[in-house]
Amino acid sequence: MAACYQGFDPAAYLQYNYTAPRADFERQDSIVPWKLGCLHRAFTEGDVSGELLVDIGSGPTLYQVLSGCEVFNRVILTDFLEVNRQELRRWLRDEGDCGLDWTPYLQHVCKLEGRQPSVWTEKAARLRAVVSDILPVDVHRPQPLAPGALSSVGADCLVSCFCLESVSPDLAAFTRALGHIQGLLRPGGHLLLIGALGESYYFGGPGVKIPVVPLNEAEVCASLKQTGFTLIRLEVYTLPQDMRVGVDDVSGVFFVKAKKE
């Protein structure tokens, strides 16, 4: 799987998946607003709280922590690829030349929070203030992060979006990876998991075809139970035909809110 990612192109990946029509904030059936809505609800229901939020397999994206950064005092981003960690650092250091303008995302989440879109700069400043580290991660290792990266207590919440199924050769490896990241979470901590349904590949750049484990809802639920999670909520989004833009064969997306037993 590591070899499949050698040609991964963050800018191309962002263009494929995080621009219109998949990121059309005027459409209620667009996939990115759906994901942002799921995350907003999960982080504002009152039961997800604590000091530390860890994002597993951030890729070159930030949308997955735009709601969580308001709830937690410290956020750690992680990815296997140095090119993705570099992309995140460029935005966090406000260096410019980023692969995507995150302003519409920041504005949209501000609206979800009942604030004026014009205060997006405050949210950007908040995110830059609370992200304490951008670390390498390998979900196929029993200890996905370097020793000492987290305190012995563990994280209060994990977020992971489109990571585990896209770096695992089969369902068994997906389940093992889920078990590995479970070990980073404190007892009673929450997992917010977003992933692809029915997807066998996606393009990580021009001509870079990356295999994916094609999951269904029952398999996701079984893997969660097997690895010590209690499912709180499962939501499913089915892609409209015009969202199937040829960069993958995904048929749907799941959102899971779960708790470590």
Side-chain angles (χ1 to χ4, degrees), residues 1-2 5 35 38-39 41-43 45 47-59 64-65 68 71-72 75-80 135-200 202 210-237 250 252-261:
M1 291 302 300
Y5 278 87
K35 291 186 290 184
C38 289
L39 291 163
R41 288 190 296 276
F43 280 117
E45 287 170 330
D47 56 338
V48 177
S49 62
E51 177 68 22
L52 176 62
L53 169 66
V54 179
D55 181 28
I56 301 295
S58 305
Q64 61 275 22
V65 293
V71 180
F72 291 87
V75 175
I76 293 176
L77 305 177
T78 71
D79 202 72
F80 181 77
L135 302 176
V137 67
D138 186 344
V139 298
H140 296 305
R141 294 181 179 272
Q143 292 187 328
L145 298 175
L150 302 184
S151 72
S152 58
V153 177
D156 299 292
C157 180
L158 298 180
V159 177
S160 188
C161 300
F162 302 104
C163 173
L164 304 186
E165 73 278 10
S166 62
V167 300
S168 298
D170 51 38
L171 179 59
F174 169 85
T175 305
R176 285 194 300 273
L178 191 57
H180 294 160
I181 69 168
Q182 190 258 33
L184 301 173
L185 194 59
R186 67 164 172 82
H190 286 85
L191 170 69
L192 306 178
L193 186 68
I194 294 178
L197 293 170
E199 183 178 46
S200 67
Y202 78 95
I210 297 174
V212 180
V213 180
L215 300 171
N216 60 44
E217 296 100 305
E219 288 168 334
V220 173
C221 292
S223 293
L224 288 163
K225 185 174 182 180
Q226 187 176 332
T227 52
F229 286 103
T230 297
L231 180 65
I232 297 172
R233 182 166 73 251
L234 172 69
E235 298 182 48
V236 172
Y237 168 94
V250 64
V253 176
F254 68 85
F255 171 81
V256 157
K257 182 179 181 180
K259 190 172 185 179
K260 180 174 177 176
E261 296 171 2

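No hydrogens, no waters, no symmetry mates; every other heavy atom, side chains included, goes into these values.
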### Task
Could you go through the side-chain contact (heavy atoms from CB on, under 4.5 Å) check for Ile56 and Leu184 one step at a time?
CA-CA 10 Å; Ile56 301 295; Leu184 301 173; 3.7 Å; yes
### Message
Given 3.5 Å as the limit, does a donor-acceptor pair link the side chain of Gln182 with the main chain of Thr227, or not?
### Response
yes
#### Entry: Shortest non-hydrogen contact between Leu171 and Ser223, atoms and distance
CD1-OG, 4.0 Å
### Task
Return the set of residues passing side chain to side chain donor-acceptor pair (under 3.5 Å) with Arg41 (not counting sequence neighbours), or none when no residue passes.
Glu235
### Query
If you take all heavy atoms of Ser166 and Tyr5, which pair is closest and at what distance?
O-OH, 2.6 Å
#### Entry: Closest approach of Leu164 to Ala177 (non-hydrogen atoms, all atoms of both residues)
CD2-CB, 4.1 Å
### Query
Rounded to the nearest 0.5 Å, what separation is found between the NE2 atom of His190 and the NZ atom of Lys257?
5.5 Å
### Task
Report yes if some heavy atom in the side chain of Val71 is under 4.5 Å from a heavy atom in the side chain of Leu53; otherwise report no.
no
### Message
Test of understanding: with side chain to side chain donor-acceptor pair (under 3.5 Å), list the residues that count as partners of Ser200, not counting sequence neighbours.
### Response
Asp249
## Note on the structure
The side chain to side chain contact (heavy atoms under 4.5 Å, CB included) partners of Arg141 (sequence neighbours excluded) come to Asp138
### Qualifying residues under side chain to side chain donor-acceptor pair (under 3.5 Å), relative to Arg186, sequence neighbours excluded
Asp156
### Query
Say you draw a straight line from SG of Cys163 to CZ of Phe174; how long is it, rounded to the nearest 0.5 Å?
9.5 Å
### Message
Set out, in order, the CA-CA distance, both residues' side-chain angles and the distance that settles side-chain contact (heavy atoms from CB on, under 4.5 Å) for Val256 and Leu231, then state yes or no.
### Response
CA-CA 7 Å; Val256 157; Leu231 180 65; 3.8 Å; yes
### Sequence-distant partners of Gln143, side chain to side chain contact (heavy atoms under 4.5 Å, CB included), two or more places apart
Pro147
### Query
Do the side chain of Thr78 and the main chain of Pro136 share a donor and acceptor less than 3.5 angstrom apart?
no
### Task
Kindly give the heavy-atom pair with the smallest separation between Val213 and Ser168, and that separation in Å.
CG2-O, 3.0 Å
### Task
Quick one: list whatever passes side chain to side chain donor-acceptor pair (under 3.5 Å) with Gln226, sequence neighbours left out.
none
## Note on the structure
Leu185 and Ala155 have their tightest heavy-atom pair at CD1-O, 3.3 Å
#### Entry: Reported CD-to-CZ distance for the pair Glu217 and Phe254, which is rounded to 0.5 angstrom
9.5 Å
#### Entry: Pairwise distance CG(Leu197) to CG(Asn216) - rounded to 0.5 angstrom
7.5 Å
### Message
If I take atom NZ from residue Lys225 and atom CG from residue Leu178, how far apart are they, to the nearest 0.5 angstrom?
### Response
14.5 Å
### Query
Would Phe162 and Ile194 count as a side-chain contact (heavy atoms from CB on, under 4.5 Å) if you check the C-alpha gap in whole Å, the side-chain angles of each, and the deciding distance to 0.1 Å?
CA-CA 6 Å; Phe162 302 104; Ile194 294 178; 3.6 Å; yes
### Message
With a sphere of 6.0 Å drawn around NZ of Lys259, does it hold more than 12 non-hydrogen atoms of other residues, nucleotides or ligands?
### Response
no
### Message
Between His180 (side chain only) and Val139 (backbone N and O only), is there a donor and an acceptor less than 3.5 Å apart?
### Response
yes
### Task
Measure the shortest side-chain to side-chain distance between Val250 and Tyr202 over non-hydrogen atoms and say whether it is less than 4.5 angstrom.
no
### Message
If you apply the rule side-chain contact (heavy atoms from CB on, under 4.5 Å), what do you find for Phe72 with Phe43, and how did you get there?
### Response
CA-CA 10 Å; Phe72 291 87; Phe43 280 117; 3.8 Å; yes
#### Entry: Closest non-hydrogen atom pair, Val167 against Met1
O-CG, 3.3 Å
### Message
As an exercise, state the distance from CG of Leu224 to CD of Glu219, rounded to the nearest 0.5 Å.
### Response
12.0 Å
